[in-house]
Enquirer: 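The structure that follows is given in the form of structure tokens.
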Amino acid sequence: MKTLIIILLYIGVTCVCGQMNHHEYPTPSDVNNQSKVHMEQDGHHQPDYYSYEQQCPDAEDIAPCVCTYDIVSSAMDLNCSAVENEEELKQIFKADFPVKKFKQFLIHYNFNIKVLEAGIFNGISFEMIDIYTTDLEVVELHALNSCYETATEINLYGNKITSFPFDEVSQFSKLGHFDISCNYLSVIPADAFHGLTALEYIDISTNDADIVGTFQDLPNLRDIWLGDLNITTTIPAQFIKTGSSQLSNIRLNYNDIVSVEPGAFDIVDGLDINMYHNLISTLDEATWRPYLEAGGTLEAASNPLVCGCDIAWLFGEDQLLEHVDVYTTCTDGGRLHDLDPSIFNNC
Ligand SMILES: *[C@@H]1O[C@H](CO)[C@@H](O)[C@H](O)[C@H]1NC(C)=O
Ligand SMILES: *[C@@H]1O[C@H](CO)[C@@H](O)[C@H](O)[C@H]1NC(C)=O
Ligand SMILES: *[C@@H]1O[C@H](CO)[C@@H](O)[C@H](O)[C@H]1NC(C)=O
């Protein structure tokens, strides 16, 4: 009796594995053999996992989008770079998609799509949303709602985006990488990112944008790129207070920042703060000492630094000057690192 059960179990296991092996190692002629798929479907009950042939929708139903299935990673990508207008894209997502979970959605070098409409994906989810170098202007509220639980990367750089639904950003619970650099945004509501626990990388640089609010409660943030925006004011206290011990880059280069208040950023060993090319005239001790003492570095070249007694603290016994980049210059053109420390003796 026992033996019989074991034999039955063995047969059950080999059947399942045999089927899986078949799917893992298809011969080239099997790929996209639709007639075979349909025969199997009609023939007997289909298991919950799908064979590689069934993953992608019929090619003609989604043209000019192209679906590709990677056998090794069993991931599907959808490349809609050749789509001609919004209506066409909408129709494509009304096709029959046997599997609704994709890895990547890609549109690049496309100058036809201006608006990504609410609900456009019609329930299809993506892990990576890559739309770059296009004329996209508007991402409507709920355009990406099918990806709230799946999106790990949203790359939207180099488009013409003037409107993005930041209010929705905190819904992307797995979002690790967010890049909306090189667009035409005018306001960035920083508070929208609060509480994104998976977020490691934010790049908003190169937009004519002002930042409203603060970046807080982002416990895994490593890089925040806010260069070449339209930040014209003083950076306030608590501006970047993520609570992340891994924070390694804050870029505020190419803005018109006049000063930074004490307590503006997290204090983390190894943090590089890039203030290159701003309008900072003094390296205020109360602001900068804590970062440099903690092992951080400051890039302050291309600022109108006066280099008076206000920077004497950098030349003290603790040698904090070593944490300021060597290209930092004073208004007279001389390098900070070349100053004779004795000139601060009377400060
Ligand atoms: C497709 O599958 C059918 C049914 O299994 C088979 O008869 C046919 O030879 C296959 N065609 C190709 C190109 O593999
Ligand atoms: C996506 O499609 C476009 C044109 O349809 C093609 O030029 C491009 O190489 C494709 N990209 C990838 C990554 O498959
Ligand atoms: C930049 O900010 C200033 C001051 O807030 C504003 O007057 C100006 O219009 C902004 N420039 C752009 C290009 O948004």
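Counting convention: from 1, in listed order, for ligands and their atoms alike. All values below were derived from every heavy atom in this structure, side-chain atoms included, with hydrogens, water molecules and symmetry-related copies excluded.
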Enquirer: What protein heavy atom sits nearest atom 5 (O) of ligand 2, and how far off is it?
Expert: A82 CB, 3.6 Å
Enquirer: What pairs meet the disulfide bond (SG atoms under 2.5 Å apart) rule with one or both residues in residues 223-308, with sequence neighbours excluded?
Expert: C307-C330
Enquirer: Kindly identify the option in L106, N79, L78 whose heavy atom sits closest to atom 2 (O) of ligand 2.
Expert: N79
Enquirer: Under a 4.0 Å heavy-atom limit, does D77 contact ligand 2 with its side chain, its backbone, both, or neither?
Expert: neither
Enquirer: Do we see a donor-acceptor contact under 3.5 Å between the side chains of D284 and T282?
Expert: no
Enquirer: Which of the listed options, I231, D256, T232, holds the heavy atom that is closest to atom 4 (C) of ligand 3?
Expert: T232
Enquirer: Return the orientation label for the W288 and F265 ring planes: parallel under 30°, perpendicular over 60°, tilted otherwise.
Expert: tilted
Enquirer: Quick one: which of N230, D210, T233, V187 has a heavy atom closest to atom 14 (O) of ligand 3?
Expert: N230
Enquirer: Please collect all disulfide bond (SG atoms under 2.5 Å apart) contacts where either partner lies in residues 214-260, sequence neighbours excluded, each pair once.
Expert: none
Enquirer: Can any side-chain N or O of N207 pair as donor or acceptor with the backbone N or O of I204 at less than 3.5 Å?
Expert: yes
Enquirer: Could you tell me whether atom 9 (O) of ligand 3 has at least one protein heavy atom nearer than 4.0 Å?
Expert: no
